[in-house]
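Source: prediction; values computed, not measured. Letters go in sequence order (proteins before strands), and every chain restarts at 1.
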2 protein chains.
Amino acid sequence: MKKVTINSVATYAGVSKKTVSRVLNNEPNVSPATREKVLKVFKELDYTPNPIARGLARNRSFIIGCLYDNPSKSYITRVQSGALEACHKHNYNLLIHPCELRGEALIENIEHLLTTSRLDGMVLTPPFSDSQELIAFLKRKKIHFARVASAIEDKDSISVRSNDEQGAFEITEHLIKLGHTSIAFIKGHPDHSATEQRFSGYQRALTVHNIEFDSELVAEGNFSYHSGADSAKEILDLQPTPSAVFASNDYMAAAVLKLATQRQLQVPKDISIAGFDNAPIARHIWPGLTTIAQPVEEMTRQAVEQLILQISDEQTSVYQATLEAKLITRESTAKHLVDD
Amino acid sequence: MKKVTINSVATYAGVSKKTVSRVLNNEPNVSPATREKVLKVFKELDYTPNPIARGLARNRSFIIGCLYDNPSKSYITRVQSGALEACHKHNYNLLIHPCELRGEALIENIEHLLTTSRLDGMVLTPPFSDSQELIAFLKRKKIHFARVASAIEDKDSISVRSNDEQGAFEITEHLIKLGHTSIAFIKGHPDHSATEQRFSGYQRALTVHNIEFDSELVAEGNFSYHSGADSAKEILDLQPTPSAVFASNDYMAAAVLKLATQRQLQVPKDISIAGFDNAPIARHIWPGLTTIAQPVEEMTRQAVEQLILQISDEQTSVYQATLEAKLITRESTAKHLVDD
DNA sequence: CCACATTCTGACACCGGTGTCATAATGTGG
DNA sequence: CCACATTATGACACCGGTGTCAGAATGTGG
């Protein structure tokens, strides 16, 4: 059985390639009779147009690439979900490409990706959205891209972020208002700009409420559950034990909760725990985690949507937006009861 | 600035297109001098070959599509991770395509996907790996595909699964050996063949150990945390309360654990809980969940690898494998203490 | 130095569509 | 019924690479 191409359809229907192409793309100026005839042949021959040939002619692949390097799986899932929503709305598809930020191999890796698959645009998620090197490379190669949750400024490229510093400030303030003064903090991955921002929101809240910053209370994490478990151990071993812990994401907060529970500490009676992101795990555990809802899906959705508009030349101005992060209180934080 | 194509490179280097193409693909029979010259021009002009044109000529896209419709996000993450490993090893890329199994729109949806992006092959994850309709469609369209975790037999297509029935049998037997006789069960999504298999393993263990099956103890879930929460309520409201619960996946088990803890039940002292999959959440909560480790990544990795071999014509026989599921005991299950 | 094998190289068709433009068919008003 | 506008259709080049094959350049043995 021979492959069915536009030529076979044309011959079979007794029309030219171009007319078949017109029917294919719902172009005007085709008589109803001809259109019917061609459509019938489509069915008869079970014809599927070749997207590659079409892509070559139009210089489009209708594929967006999503770049990530993130220890938090749920973050990636949410990113994908937002990106897919925008892609499918505009008949685009999503290609995923995890890779490592570190090492000079990055540019080489992306270059190889572009040699392998033509991408109409790329979504950069943290930490790539902050990589000046990558941004410069993509500009040089004239690849459209959009940045998600980036801290750096770049007037020329699409960027959608949320206000992490403010979110961290609010959740810290929430703990302070509950009477906590000894609040431990677990940092995120040093390559991610969110890490610095959340830390700085934490510090600002302390300052505003006249609580002295104590570097002893700060542990280094990297957004993974595992790193949270290590930090949790550090923090819970402190004497005196802090009365509250604010972890830079929910995975690490969950790790603190697990260790605390293992050690017979009651949360939140003995110790309050707060996270960040509002990842699914925050409501899958007991007690549920007080956290900051970061609109990951929405950020990505907007970023990809704007990216597609830019690719289609329907948007000339560069979209830049900051979405709000919102405090969600659950059972893991409560009033600090002073020990008798 | 004009676009850099193979023609510009050829002209600039003073050779033919074909010679440039040879250098590009590391083909033999190019004199070292010529090769050097062309490579230098690549750099000078910052040339990136156009993957679409290449794809058209070779009739290849080097893209694999991954189809899924699964309420468990972590399952998808694991699938992707295994698929990506195989793809990158062979210089392929992965395009993800979530869509709904139900409704006649499925075939239309896939047809549209194939019209939009040329895919060299597709990985079908549950519940698609069990869809006869989809399998027939892909065969008709002569699209290569591999099935992951499917229960149905199809001699013509690649399939990698794990032994769910046996896994469910073992974990149920584990509970029985701990002295439990009243073991509740939460079913998975009815569209997934794993649901039936796990249920049947549970029943077989009861039979083998002379425990009467009680349909009162069976709740209907759908693999989502939310459905697990509903089932948990049903089960914990039973009088007398069962002494153990086996949920068809870890998310639902986590939901049971959460509700039990909320109700002041001690796990595993008052009630034992077991899950399935060994999802990350199984070890992120306290007590950790006893579960069956299903090699999701490995299944998908093997499936995609074989798929790529088949696409490349390096493999003519159809690979079919069943991997072992393994019992992992954690803190959520313990000896049943008879109430005094 | 010649006959022959081997290594390089390029001309050209082709992959399967789309864009441009000329021309054929049809419609409309006077 | 004609002049003209409008709609419908097809011829052909083109997108940017790869495959085939012929011919040129070079190497080898006698």
- Phosphate OP1/OP2 of D/dT18: any B/Ser21 side-chain N/O under 4.0 Å: yes
- Query: Atom NZ of B/Lys18 and atom P of C/dC14: how far apart are they, to the nearest Å?
  - Reply: 15 Å
- Would you say a side-chain N or O of B/Ser31 is under 4.0 Å from OP1 or OP2 of C/dT7? no
- Would you mind reading off the distance between B/Asn50 atom CG and D/dT18 atom P, rounded to a whole angstrom? 10 Å
- Scan A/Pro49 against the nucleic acid and name what it touches under 4.0 Å (heavy atoms): base, sugar-phosphate only, or nothing. sugar-phosphate
- For D/dG17, does either OP1 or OP2 sit under 4.0 Å from a side-chain N or O belonging to B/Tyr47? yes
- Item | Identified pairing partner of D/dG30, criterion: Watson-Crick or G-U wobble below 3.5 Å | C/dC1
- Query: When the distance from CG of B/Leu56 to C1' of D/dC15 is rounded to whole Å, what number comes out?
  - Reply: 9 Å
- Presence of salt bridge, B/Glu305 and B/Arg301, under 4.0 angstrom: yes
- Given C/dT9, is OP1 or OP2 found less than 4.0 Å from the side-chain N or O atoms of B/Thr34? yes
- Item | D/dA11 OP1/OP2 closer than 4.0 Å to side-chain N/O of A/Ser16 | no
- For B/Ile6 and C/dC14, what is the distance between atoms CD1 and P respectively, to the nearest whole Å? 19 Å
- B/Lys43/A/Glu111 salt bridge by N-O under 4.0 Å criterion: no
- Are A/Asp120 and A/Arg58 within salt-bridge range, i.e. N to O under 4.0 Å? no
- Item | Residue among A/Ile158, A/Val160, A/Asp154 satisfying side-chain contact (heavy atoms from CB on, under 4.5 Å) with A/Arg147 | A/Asp154
- Message: By the 4.0 Å heavy-atom rule, please label B/Val20 as base, sugar-phosphate, or nothing.
- Response: nothing
- Query: Is a donor-acceptor pair below 3.5 Å formed from side chain A/Arg118 to base D/dG16, judging by atom type as modelled?
  - Reply: no
- Query: What integer distance in Å separates B/Leu24:CG from D/dG19:P?
  - Reply: 11 Å
- OP1, OP2 of D/dT18 versus side-chain N and O of B/Asn25: anything below 4.0 Å? yes
- Query: Between atom CZ in B/Phe62 and atom P in D/dG17, what is the gap in whole Å?
  - Reply: 15 Å
- Hey, does the side chain of A/Lys3 come within less than 4.0 Å of C/dG16's phosphate (OP1/OP2), counting only N and O? yes
- Message: Using OP1 and OP2 only, check whether a side-chain N or O of B/Asn29 sits under 4.0 Å from C/dT6.
- Response: no
- Message: Taking the nucleotide of DNA chain C with the nearest heavy atom to each, does B/Arg58 or B/Pro32 sit closer to the 5' end?
- Response: B/Pro32
- Message: Whether B/Thr19 contacts C/dT9 is assessed here as follows: a side-chain N or O lying under 4.0 Å from the phosphate OP1 or OP2. Is that the case?
- Response: no
- Query: Reckon A/Pro28 touches a base, only the sugar-phosphate, or nothing at all at heavy-atom distances under 4.0 Å?
  - Reply: nothing
- Query: Could you go step by step and tell me if A/Leu114 and A/Phe137 meet the side chain to side chain contact (heavy atoms under 4.5 Å, CB included) rule?
  - Reply: CA-CA 12 Å; A/Leu114 293 174; A/Phe137 171 78; 4.1 Å; yes
- For A/Thr125 against A/Cys66, the heavy-atom pair lying closest together: CG2-SG, 4.3 Å
- Whole-Å gap separating P (C/dC8) and CZ (B/Arg22): 10 Å
- Query: Can you find an N or O donor on one side and an acceptor on the other, under 3.5 Å apart, linking the side chain of B/Lys17 with the base of D/dG16?
  - Reply: no
- To the nearest angstrom, how far is A/Glu27 atom CD from C/dT18 atom C1'? 8 Å
